[in-house]
S.K.: 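Next up is a structure, given as structure tokens.
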2 protein chains.
Amino acid sequence: MGFFRGRFLHSLDTKGRVAIPQRFREAMDAGREEIRLVMTVDPEGCLVVYPEGAWTELERKWEELPQMNDDLKTYLRFMVGWASEGVLDRQGRILVPPPLRDYAGLEHEVWFVGLLHKFEIWNGERLGTATGPEKVRSVTQKLSGLF
Amino acid sequence: MGFFRGRFLHSLDTKGRVAIPQRFREAMDAGREEIRLVMTVDPEGCLVVYPEGAWTELERKWEELPQMNDDLKTYLRFMVGWASEGVLDRQGRILVPPPLRDYAGLEHEVWFVGLLHKFEIWNGERLGTATGPEKVRSVTQKLSGLF
DNA sequence: CCACCCTCCCCCACTTTTCCCCACTCTTCA
DNA sequence: TGAAGAGTGGGGAAAAGTGGGGGAGGGTGG
């Protein structure tokens, strides 16, 4: 499984479908014909997409945690509660369910952003404010201890 | 038994019935014709629904615990005391008993939220406040020790 | 003990959404 | 300048969700 990199501008059609960038499809496609993925939300206000395998791995971790923990329940209500599994159609598109569309404020134009093992789908304006160079500069300082 | 994922907006009809989302039915249906489930309440103010098997497993655990424990009694009065078993009708709907409807403040519009082994039924407003992005962000910090 | 009422559940019919397929355009590359 | 690959748009069948009529069954009151 390759990495997801780069950003691509695509369009959501009137039926709520978007084509996944070919580069991303290649990264997932190990010669299989059917590509399955899971789409959910991120607190920053965008959608996150995982190849099915990566997602089920996350679920396996969550299963093992103490199920009575209230914080975990809140977290799962968010991550799992928004999750939507889907298969690409013959044209390499996926249907974005209306609740997810609304959550991420997706109109006609949407941006795909590669993020190694997963990728995100953004409304253009939100992407701009969330990932501007100024913001990154401030964050980089705090990270410098890590690597 | 598959996992429950995602959120779906359905409507409670005038008879107090709701259709279970098809995705959730699939997750329970191992080719059986009759799907039985148990519905109870959650302290957060929503309903929780377990497939019958998952519920009886919980009951078996509860049985083994020290029955004199007052905290356990309080907990069971809540979980078991509200529990209601039901079967889906031919249209895949279930009847929500009036006490449960009132407890969860369910009107016409109700949200289904998948939570891996179980799923919840929410009044829209309550769901919004219980699972907003701000809340999740604060919780995520505390959880980072767990995984 | 009987009659009534109310709830529940079966069935049927309608609307909306989803998803499968085909066709067109635009870019890229030889 | 042609061919192939990528992205977009829309028609139409199938599936999913919704609403309501009517009969059976259980509870209640007389």
Side-chain angles (χ1 to χ4, degrees), chain A residues 2 4-29 31 33-39 47 49 52 83-102 106-114 119 121-122 124, chain B residues 2 4-29 31 33-39 49 83-102 106-114 119 121-122 124:
Chain A
F4 301 112
R5 306 186 189 99
R7 62 173 60 194
F8 305 87
L9 177 62
H10 280 192
S11 56
L12 204 63
D13 67 23
T14 53
K15 294 181 175 179
R17 297 172 300 185
V18 247
I20 305 292
Q22 174 59 13
R23 287 289 177 82
F24 290 1
R25 266 179 270 158
E26 282 167 14
M28 292 186 280
D29 182 15
E33 56 201 59
E34 199 177 54
I35 297 184
R36 309 184 134 270
L37 32 79
V38 177
M39 188 183 307
L47 304 183
V49 184
E52 195 187 41
S84 157
E85 5 172 13
V87 186
L88 299 204
D89 69 13
R90 267 261 196 77
Q91 282 66 35
R93 290 177 293 193
I94 196 157
L95 180 75
V96 183
L100 291 173
R101 235 176 286 163
D102 294 344
L106 302 181
E107 314 274 342
H108 184 66
E109 293 197 340
V110 303
W111 283 94
F112 283 81
V113 179
F119 60 89
I121 305 180
W122 285 85
Chain B
F4 301 112
R5 306 186 187 102
R7 61 174 57 194
F8 305 88
L9 177 61
H10 280 190
S11 55
L12 204 63
D13 66 22
T14 53
K15 296 178 176 180
R17 298 172 300 184
V18 247
I20 305 292
Q22 173 60 12
R23 287 287 175 85
F24 289 2
R25 267 178 270 157
E26 282 168 14
M28 292 187 280
D29 182 14
E33 54 202 60
E34 199 177 55
I35 297 184
R36 309 184 133 270
L37 33 80
V38 178
M39 189 183 307
V49 185
S84 151
E85 4 174 11
V87 187
L88 298 204
D89 70 14
R90 266 265 194 75
Q91 280 67 36
R93 291 178 291 196
I94 196 160
L95 182 74
V96 182
L100 291 175
R101 232 177 289 165
D102 294 344
L106 301 181
E107 313 273 342
H108 184 67
E109 292 198 341
V110 303
W111 284 92
F112 283 80
V113 178
F119 61 89
I121 306 181
W122 286 84

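A note on names: the letters A, B, ... follow the listed sequences, proteins ahead of strands, and every chain is numbered from 1. FYI, side chains are in, hydrogens and waters are out, and symmetry mates aren't considered; it's all heavy atoms of this structure.
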S.K.: What's the NZ-C1' distance between A:Lys15 and D:dG10, to the nearest Å?
M.R.: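 Atom-to-atom, A:Lys15 to D:dG10, this comes out as 6 Å.
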S.K.: Around atom CZ of B:Arg17, are there more than 12 heavy atoms from other residues, nucleotides or ligands closer than 6.0 Å?
M.R.: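 Check passes, neighbour count above 12.
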S.K.: Would you mind reading off the distance between B:Asp89 atom CG and D:dT18 atom C1', rounded to a whole angstrom?
M.R.: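 Going from CG in B:Asp89 over to C1' in D:dT18 covers 12 Å.
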S.K.: Students often get this wrong, so: under 4.0 angstrom with heavy atoms, is A:Leu9 touching a base, only sugar-phosphate, or nothing?
M.R.: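 It contacts nothing in the nucleic acid.
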S.K.: Send over the distance from A:Leu95 CG to D:dG9 P, rounded to a whole Å.
M.R.: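 Checked: the CG to P distance equals 15 Å.
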S.K.: Surrounding CD of A:Glu107 (heavy atoms of other residues, nucleotides or ligands, distance under 6.0 Å), is the total greater than 12?
M.R.: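 At most 12 heavy atoms, drawn from other residues, nucleotides or ligands, come within 6.0 Å of this atom.
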S.K.: Could you tell me the separation between the NE2 atom of B:His10 and the C1' atom of D:dT18, rounded to a whole number of Å?
M.R.: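 Atom NE2 in B:His10 sits about 10 Å away from atom C1' in D:dT18.
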S.K.: Kindly say if A:Arg101 contacts the phosphate of C:dT17, meaning a side-chain N or O under 4.0 Å from OP1 or OP2.
M.R.: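 No, because none of the side-chain N or O atoms of A:Arg101 sits under 4.0 Å from OP1 or OP2 of C:dT17.
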S.K.: So what does B:Ile20 hit on the nucleic acid, given a heavy-atom distance under 4.0 Å: a base, only sugar-phosphate, or nothing?
M.R.: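 Sugar-phosphate only.
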S.K.: Using only side-chain N and O atoms of B:Ser11, determine if any of them is under 4.0 Å from OP1 or OP2 of D:dG19.
M.R.: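 So the side-chain polar atoms of B:Ser11 do come within 4.0 Å of the phosphate oxygens OP1 or OP2 of D:dG19, strictly under.
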S.K.: Please verify the inter-ring angle class for A:Phe119 with A:Phe112; under 30° counts as parallel, over 60° as perpendicular, anything in between as tilted.
M.R.: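 Rings of A:Phe119 and A:Phe112: tilted, 30 to 60°.
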S.K.: If you draw a 6.0 Å radius around CD in B:Glu109, do more than 12 non-hydrogen atoms from other residues or ligands fall strictly inside?
M.R.: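 No, because the 6.0 Å sphere around CD of B:Glu109 holds 12 heavy atoms or fewer from other groups.
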S.K.: According to a strict under-4.0 Å criterion, is B:Arg25 in side-chain N/O contact with OP1 or OP2 of D:dG17?
M.R.: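 Result: yes.
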S.K.: What is the distance, to the nearest angstrom, from the CZ atom on A:Arg17 to the P atom on C:dC21?
M.R.: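 Distance, rounded to whole Å: 13 Å.
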S.K.: Which nucleotide, D:dG9, D:dG7, D:dT18, lies nearest any side-chain atom of A:Ala19?
M.R.: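 Looking only at heavy atoms from C-beta outward on A:Ala19, the closest nucleotide is D:dG7.
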S.K.: Could you check how far CD of A:Gln91 sits from C1' of C:dC24, rounded to whole Å?
M.R.: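 Rounding to the nearest Å, CD of A:Gln91 and C1' of C:dC24 are 12 Å apart.
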S.K.: Measure from CG on B:Asp13 to P on C:dT7 and round the result to the nearest Å.
M.R.: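 Going from CG in B:Asp13 over to P in C:dT7 covers 14 Å.
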S.K.: Write down the distance between CG (A:Leu88) and P (D:dA6), rounded to a whole number of angstrom.
M.R.: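 Distance, rounded to whole Å: 14 Å.
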S.K.: Classify the angle between the aromatic ring planes of B:Phe24 and B:Phe8 as parallel (below 30°), tilted (30 to 60°) or perpendicular (above 60°).
M.R.: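 Rings of B:Phe24 and B:Phe8: perpendicular, as their planes differ by over 60°.
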